[in-house]
Each structure stands twice: as structure tokens, then as C-alpha cells.
Amino acid sequence: MDSFFTALDNFFLIGLPYLALTVFLVGSIWRYRSTKFKYSSLSSQFLEGKQLFWGSVPFHMGMLVVFLGHLSALLIPRGVLLWNSHPLRLIALEVTGFIFGLAILIGLGNLIYRRLTNPRIKVVTNNMDWIILSLLTLQVITGLWVAYNFRWGSSWFASVLTPYVYSIFKLQPDISAVSALPWVIKLHIVGAYTVVVLIPFSRLVHFLVVPINYIWRPYQQVMWNWDRKSVRSTSTAWSIKRPKNN
Amino acid sequence: MDIRSQISMVFHLDKCIGCHTCSIACKNIWTDRKGAEYMWWNNVETKPGTGYPTKWEDQSIYKGGWEKSNGTISLRGAGKKKGLLNIFHNPNLPVIDDYYEPFTYKYLDLIESPAMDDQPTARPVSLITGKPIDIKMGPNWDDDLSGTPDYARKDPNLANLSPAEQEAMFQLERMAFYYLPRICNHCLNPACVASCPSGAIYKRGEDGVVLINQKVCRAWRMCVTACPYKKSYYNWHTGKSEKCILCYPRLESGHAPACMHSCVGRIRYLGVMLYDADQIEKMASADEKDLVDAQLSMILDPFDPEVIKAAKANGIADSTIKAAQYSPTYKFVKKWGLALPLHPEFRTLPMLFYVPPMLPVMATLGQKRKGQTEKMDPMAKSWNDDWLYDTTTEDLFGTIDEARFPLQYMANLFSAGDTEKVKKVMKKQMAVRVHRRDVTVGDLSKDKVSSILKGAGIDAEMANDIYNLTSLAKFDERFVIPAAHREQAIELMDFTGDTKGSTGFGFKETPGRGI
Ligand code: SF4
Ligand code: SF4
């Protein structure tokens with residue numbers, strides 16, 4: 001029996017992350033290069049705008065904060081631990097995280113309700129949307145559960161999970177500490193890997209193309225096929241150059 | 001001076017008969033697809049009226065275009081800050097009901113229906129959900145219905161008309177309206193381009209056509225908000241925005257765009273204009289009353305040797321410069337000053353210009369005064385008991401101010417509210433008519449004719465030119481499309497070396513949501 005569980009742990013905590021990363025990387029590159037016409041956030045606001053507000057905004061805002069929270073525990077674990085050294089700050093961090101987690105849950109609830117009830121939105125809902133919505137709901141429920149029952153997550157994340165994730169990236173996976181964690185936490189980790197797998201194949205791709213370069217690009221864009229300053233000059237060499245607009 | 005060439009358009013509103021042939025030509029070629037059924041890249045509105053989408057001109061609702069504050073312009077409802085902050089939910093995005101829910105009819109029911117006492121009917125079904133619907137709206141729902149209070153009185157352009165002027169219109173609205181055909185203006189300062197967070201929208205340098213790259217659009221849907229003319233549409237099926245492409249594949253092969261080619265009233269003109277791109281920002285930020293003049297001042301004389309030299313240095317082909325010299329739009333807009341941009345106050349510098357309608361051709365309407373009727377020409381008609389419908393040519397010139405549509409109304413549409421500009425155009429058009437009446441009927445005194453021409457600032461020769469291009473022009477005069485440079489045009493799509501020997505260009509991916 002023990003060996004069975006060890007095998008399970010090995011698969012979900014070592015095999016799956018590598019699988020997920022590979023699929024994510026290869027899939028994203030393939031997707032970006034070959035199916036660009038279908039690469040979109042697939043917004044449905046045009047068909048229904050009012051209910052969407054109460055779904056999309058809490059969901060995305062919560063997501064943003066919670067994602068950044070996880071990311072900072074991964075990237076600057078020492079900073080997080082240092083911050084948490086004062087109990088008040090620890091509680092403030094945890095409460096903030098929990099509130100935004102709840103926001104995600106509320107947002108997801110509204111999004112799901114909207115997809116189930118609005119006849120127009122039903123038309124633009126596909127199976128992948130349901131898979132993603134269910135998966136994210138599972139993630140946020142287990143996440144909230146973990147945050148509530150296994151305090152204080154921000155501290156033990158930085159000391160237990162961060163080293164584990166690093167070990168994965170260092171190609172020397174060490175699951176000794178993680179495999180001892182309760183099953184809910186493991187479920188949350190496995191759910192996260194599954195989301196990573198699905199990113200390239202769902203509307204989640206929009207998260208990879210967040211348009212930050214809009215901030216510094218000039219407002220107007222004009223495109224010439226040829227360098228217009230040299231197109232009429234006989235001394236210009238003919239260049240093998242792909243057009244920029246396609 | 002940074003000279004660029006722009007394909008520009010002129011629509012002569014007096015000639016539009018409201019037949020919607022243009023819209024159908026466009027629909028058949030480009031938007032008869034799932035998710036695009038509701039899009040009318042070309043639509044024709046009845047004015048006064050609310051248009052499509054409903055009340056699109058009212059930017060307090062739709063937040064489109066640019067606004068000026070402290071001397072600089074910024075997008076009203078989009079832009080870097082507003083656009084990115086509202087990316088999860090765009091509060092200014094119109095929804096499908098602002099346009100209309102696309103529908104078809106279950107025609108088969110007419111045939112398959114069992115024998116009954118009543119005639120079978122074909123029920124309308126939604127093209128989104130497939131369910132039966134009650135049709136509430138259509139792209140030209142108020143077609144010819146200008147008289148109804150639901151539409152005419154809700155026209156956003158009535159805002160600053162005096163109660164008396166409005167009342168005069170409503171007396172008249174039962175018999176007077178005109179059509180306003182609209183396509184994308186392929187603006188010089190396009191709000192759609194500026195609002196696109198992913199940078200999918202761009203203006204083609206070679207001819208100024210504004211296009212949305214379907215492979216880069218990510219459905220952030222800001223262009224829909226930003227375009228004050230609501231000419232960028234969101235395809236709910238593919239999750240990409242689409243807009244009028246000015247039939248660029250047709251242009252590149254020397255054909256007029258489908259809407260123009262098929263126009264029954266021959267109201268449409270298309271040609272090249274050369275302009276100075278360095279001035280765009282400055283002119284778009286001009287004071288509201290100077291906007292029209294500012295925009296016209298950017299358009300350069302294609303015969304000026306300096307301009308030609310600078311154009312060549314910027315890679316503009318000789319054939320394009322020649323097309324600019326023969327351009328009918330240059331004549332209407334610059335040489336004759338007969339055409340004005342639609343809603344210049346949106347500050348996108350639209351390159352589709354309109355010749356405002358005279359309407360009615362030779363009649364004025366006024367409250368009947370005692371003793372007046374006796375003095376009238378026998379042609380004059382009474383309308384109701386209180387109104388006088390005067391079709392005499394006698395005082396034509398003086399009657400522009402009393403035209404059926406208050407000048408202010410026209411000015412709200414075509415010159416940011418400046419009645420003088422519209423009046424000038426009207427005077428010229430009236431002078432052309434008087435001149436032609438003189439030529440063909442000859443019942444006016446020579447003095448009067450020449451004083452009217454002079455008052456309008458044109459001479460007999462110009463009047464004849466205007467008349468010729470307005471009324472007699474053949475296809476090749478109405479559409480002066482520069483030599484296609486097909487060899488270069490193909491390279492806009494693909495590197496020819498790679499694709500020689502293959503069958504065609506472009507990409508092929510079935511449209512649909514996600515993979
Ligand atoms: S009319 Fe609208 S869509 Fe067309 S170029 Fe101007 S801003 Fe863009
Ligand atoms: S085809 Fe021409 S005349 Fe007919 S509605 Fe369109 S613009 Fe007007």
C-alpha cells in the first residue's frame with residue numbers, strides 16, 4: 001500500500017509538473033505560432049455586459065492578487081518570511097489573501113451562473129470553458145480551505161513549497177517535505193499543474209499576451225510594406241523580408 | 001513635411017436614394033458569416049433619426065472619439081489608462097442590443113406546414129440562439145420613418161437647436177428627410193488604432209486603409225468603444241473585432257469598393273489625396289471651430305512641384321501622384337470646397353467627406369403670411385392651411401437660411417456646429433443650380449446669375465465642372481484608383497519567393513471560438 005502511495009506521490013508531484021511544464025512550453029509556442037486566428041480572450045461581454053461585471057471583475061481582481069501572492073512566495077520567500085515575522089503583518093497578509101480568494105469564488109459563481117442561465121452566453125460556451133471553470137472553482141475552494149485550516153499558509157508556503165518548486169526547476173526533485181502534506185494541499189498542487197497544462201489549449205492563453213507593451217507604444221501605428229524611403233531608389237538591394245502585418 | 005497618400009471618399013448626399021444596395025453589396029461579400037450577421041460595415045441611415053447603433057452620435061453614451069482638455073487630446077472612453085483599467089469589463093462597450101439581434105426566418109415552415117385554415121407563417125428566429133424571437137430592432141429600423149417621434153426627435157444632432165427651429169423641423173419632418181450612408185472613414189487620426197491594447201489595428205502606409213490584423217486581435221474590445229462612428233465591430237463568434245476594409249483586395253486590383261461600385265445613385269467618389277502626416281496631431285488638436293479648416297489644410301496640392309518632390313522622396317509611386325492629380329475627391333474637398341467631414345468634432349480626421357444635401361431641391365417652407373400668396377409665382381404651393389411650400393426660383397439664393405433643415409442641424413453633422421461653413425457649401429451648390437437653370441432654361445437675368453455665382457465664390461467654368469462631376473461623371477471619373485502595384489500588394493500578404501508555385505496567399509483557419 002505504501003509503495004502505491006509513493007508511486008502516486010511520485011507521479012503527481014514529480015511526473016506531473018514536468019509533464020505540465022513541457023506541455024505548457026511546447027503547447028504555447030505551437031499555439032502562438034500556428035493558430036493565431038483563434039488566439040483570443042474570447043470575451044462575451046458583447047452579448048451580455050451587466051452580469052459579466054459581477055463575475056469578471058471580482059474574478060480577475062482576486063486572481064491578480066492571489067497570483068501575485070503565490071508568485072512572491074516563490075520568488076522572494078525570504079521577504080515573505082521577514083514580513084510575516086510580525087504577527088500583525090502576517091494576519092494582514094493572510095486576511096488580504098483570503099478576501100481576494102473569496103472574490104475569486106464569488107466571481108466564478110457569477111460567471112458560472114451566467115453561463116448556465118443566459119441563452120446567448122450558452123451559445124458561446126464550449127466544453128473547454130466548463131473544464132476551466134470547474135478546475136478553477138476546485139482550485140479556489142481547496143485554496144480557501146487550505147488557507148483557513150492550515151494556517152499560516154504564507155509562511156509554510158515559503159518554507160516548504162518554495163524549496164520543492166525550486167527542486168523541480170533544478171531538475172533534482174525533492175518531495176520529502178511535500179509528500180507529508182495533507183491531501184487537500186496536494187490536491188491544490190495537482191490542480192495547479194492541471195491548469196498549467198490547459199493554458200495553451202483554452203481561452204487562458206490571453207494571460208500570456210497581456211498587452212503591457214501598450215503602455216509604451218505610440219498611439220498611432222502605420223505600417224509600410226516596403227521601406228518607403230528606399231523603395232524608389234535604384235541603389236537599394238531587393239530584400240527578402242516578410243511583411244510585418246501578417 | 002512627411003507626405004503620405006490616402007484613399008479618400010466623397011458621398012454626395014443629394015444623390016442618395018436610400019436604396020441600401022451598397023449595404024447589401026458589402027454584406028454579400030464580407031459579413032454574411034456567423035458572428036458578423038449584425039455588422040453593417042456599410043449602413044444607410046435616415047436623418048433626422050437615431051441611426052445604427054441607436055444614437056451612435058451621442059458620445060455621452062458611447063464615449064467614442066477624442067476629447068480635448070488643456071490643449072491636448074485624449075481618447076474619451078479608452079486609451080492607455082482607461083483601456084487597461086477597464087480591460088476586465090469595459091463599461092463603455094455597446095452590447096448587441098444597441099445594434100440589433102440578428103435574425104432569419106424559418107422559411108421551410110411555409111412549405112412543410114400541414115393544411116390549415118390559416119396561411120402558414122415563417123417565424124423569425126435569432127441567428128445567435130436559434131430560438132424564435134420578437135424582432136425589436138434592425139440595422140435600418142427607422143428607414144424612412146423620420147417623422148416618427150421615436151426616431152427623429154431622439155436625433156442627437158438636435159441638441160442645440162432652438163425650440164422654434166426644432167418645431168419647424170417637426171412640422172417638416174413628415175415630408176423631409178435624407179439619407180446618410182456610412183462606412184469606416186479610414187481616419188488620419190484613428191481612435192480605433194490608438195485604443196487597441198494589442199496593437200492589432202494599423203493604418204496601411206501605402207494607401208491609408210485602416211485594418212485589424214485578425215491574428216493579433218485578442219478581444220480586448222476597446223476599438224468598439226473608441227471609434228466614434230461605431231465602425232469597428234466585435235465578432236462574438238470568433239472573438240475578434242472586424243471593420244470595413246475598404247475592399248482592399250478590390251482596390252489593389254483596380255476595382256472600386258463593392259459599395260461604391262454598386263451605388264445606384266452614383267453618389268460615391270473615391271480618389272487619392274496627398275497629405276502632410278507631420279501635422280496630424282496638431283490639426284487633430286485644433287480648436288473646435290477650426291477643425292474643418294485644419295483638416296483641409298493638411299491636404300496638399302498634388303500639382304505643386306515641391307509636394308511632388310517630397311512625395312517621391314517618401315516612396316509614393318508616380319502612378320499614385322498622377323491619381324492624386326485626377327482625384328475627384330480632391331476636387332470636391334479642396335478645389336471646390338463642397339464636401340465636409342462627418343462630425344469633425346470627434347477629432348479622428350475622417351477621410352470620408354460628405355456633400356451636404358440641399359434638400360429640397362428648389363423649395364422653401366414658411367408660415368403663410370397674409371397677402372403673400374398673391375405675390376407668389378403660380379408654381380408655389382400651399383401646404384396645409386398655414387404653411388407655404390414655395391418652389392419659385394425667384395429668391396432661391398436668399399432662402400438658404402430658411403431651408404427645410406435648419407442650417408444648425410446640418411452644421412451639427414458636418415462642421416462641428418459652425419453654420420457659416422455649411423452655408424458656404426450650400427451657396428455654392430445653389431449657385432451651380434442657378435447657373436445650370438440659366439444654361440438650360442434661361443429664365444433668369446444674367447445679372448442675377450453672375451451675382452449669385454460671385455456671391456458663392458465660383459465662376460461659370462467651375463460651376464460647369466461641378467455639374468459635370470456631380471451629374472454626368474462616368475465610372476472612371478468617379479473612381480480614380482491608382483495603379484494597383486499588384487506586385488507590391490501581394491507582398492503585403494506574403495513573401496512571394498516562398499509562395500511562388502503555390503495556390504494563393506493568406507491563411508486558412510476555420511473561424512470558431514478557441515481551438
Ligand atoms: S471610422 Fe472608426 S474604425 Fe474607421 S478609422 Fe476612424 S476610428 Fe477607426
Ligand atoms: S447604393 Fe448609393 S444611392 Fe443607394 S443607399 Fe447606398 S449610397 Fe445611397
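Just so it is clear, the structure is predicted and the values come from calculations on it, not from any experiment. The basis for the numbers below is simple: all heavy atoms, side chains too, and nothing from hydrogens, waters or symmetry mates. In what follows, every chain begins at residue 1, and chains take the letters A, B, ... in the order their sequences are listed.
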| query | Out of B/G79, B/G239, B/A191, which one racks up the most heavy-atom pairs below 4.5 Å with chain A? | reply | B/G79
| chain A interface, residue from B/G199, B/G315, B/S126, B/P197 that has the most non-hydrogen pairs under 4.5 Å | B/P197
| query | Checking B/I128 against chain A: side chain, backbone, both or neither under 4.5 Å from a heavy atom? | reply | both
| task | Using non-hydrogen atoms and a 4.5 Å limit, figure out which bit of B/P94 sits close to chain A: side chain, backbone, both or neither. | result | backbone
| ring pair (Phe, Tyr, Trp, His ring centres under 6.0 Å) between B/Y233 and A/F46, worked out | CA-CA 10 Å; B/Y233 300 87; A/F46 184 68; 8.7 Å; no
| query | Do the non-hydrogen side-chain atoms of A/Q220 and B/E281 ever get within less than 4.5 Å of each other? | reply | no
| query | Tell me, side chain or backbone of A/W216 under 4.5 Å from chain B's heavy atoms, or both, or neither? | reply | backbone
| request: Could you look at B/N189 and say if it's the side chain, the backbone, both or neither that has a heavy atom under 4.5 Å from chain A? | output: both
| query | Among residues 101-125 of chain A, which residues come closer than 4.5 Å to chain B, judged by heavy atom distances? | reply | A/P119, A/R120, A/V123, A/V124
| query | Checking A/Q45 side chain against B/L93 main chain: does a donor-acceptor pair fall under 3.5 Å? | reply | no
| query | Can you name the nearest heavy-atom pair linking A/P211 to B/S198, along with the distance? | reply | CB-N, 4.1 Å
| query | Quick one: of B/L84, B/I316, B/V193, who has the most non-hydrogen atom pairs under 4.5 Å with chain A? | reply | B/V193
| Using non-hydrogen atoms only, which part of A/D129 is less than 4.5 Å away from chain B: side chain, backbone, both, or neither? | neither
| query | Contact part of B/I87 toward chain A, heavy-atom cut-off under 4.5 Å: side chain, backbone, both or neither? | reply | side chain
| query | Which bit of B/N235 comes within less than 4.5 Å of chain A, counting heavy atoms only: side chain, backbone, both or neither? | reply | neither
| For the student: nearest non-hydrogen atoms of B/R4 and A/W224, plus distance | NE-CH2, 3.4 Å
| field | For chain B, which residues of residues 19-34 of chain A have heavy atoms nearer than 4.5 angstrom | value | A/W30, A/R31, A/Y32, A/S34
| message | With a 4.5 angstrom heavy-atom cut-off, is it the side chain or the backbone of B/E101 that approaches chain A, or both, or neither? | response | side chain
| field | Taking every non-hydrogen atom, the tightest pair across B/K240 and A/F37 | value | CE-O, 2.8 Å
| Residue among B/G208, B/S195, B/G83 with most heavy-atom pairs under 4.5 Å to chain A | B/S195
| request: Work out which heavy atom in B/A219 is nearest to a heavy atom in A/S43; give both atom names and the distance. | output: O-CB, 3.7 Å
| query | For A/Y214 and B/A194, which heavy atoms make the closest approach, and how far apart are they? | reply | OH-O, 2.7 Å
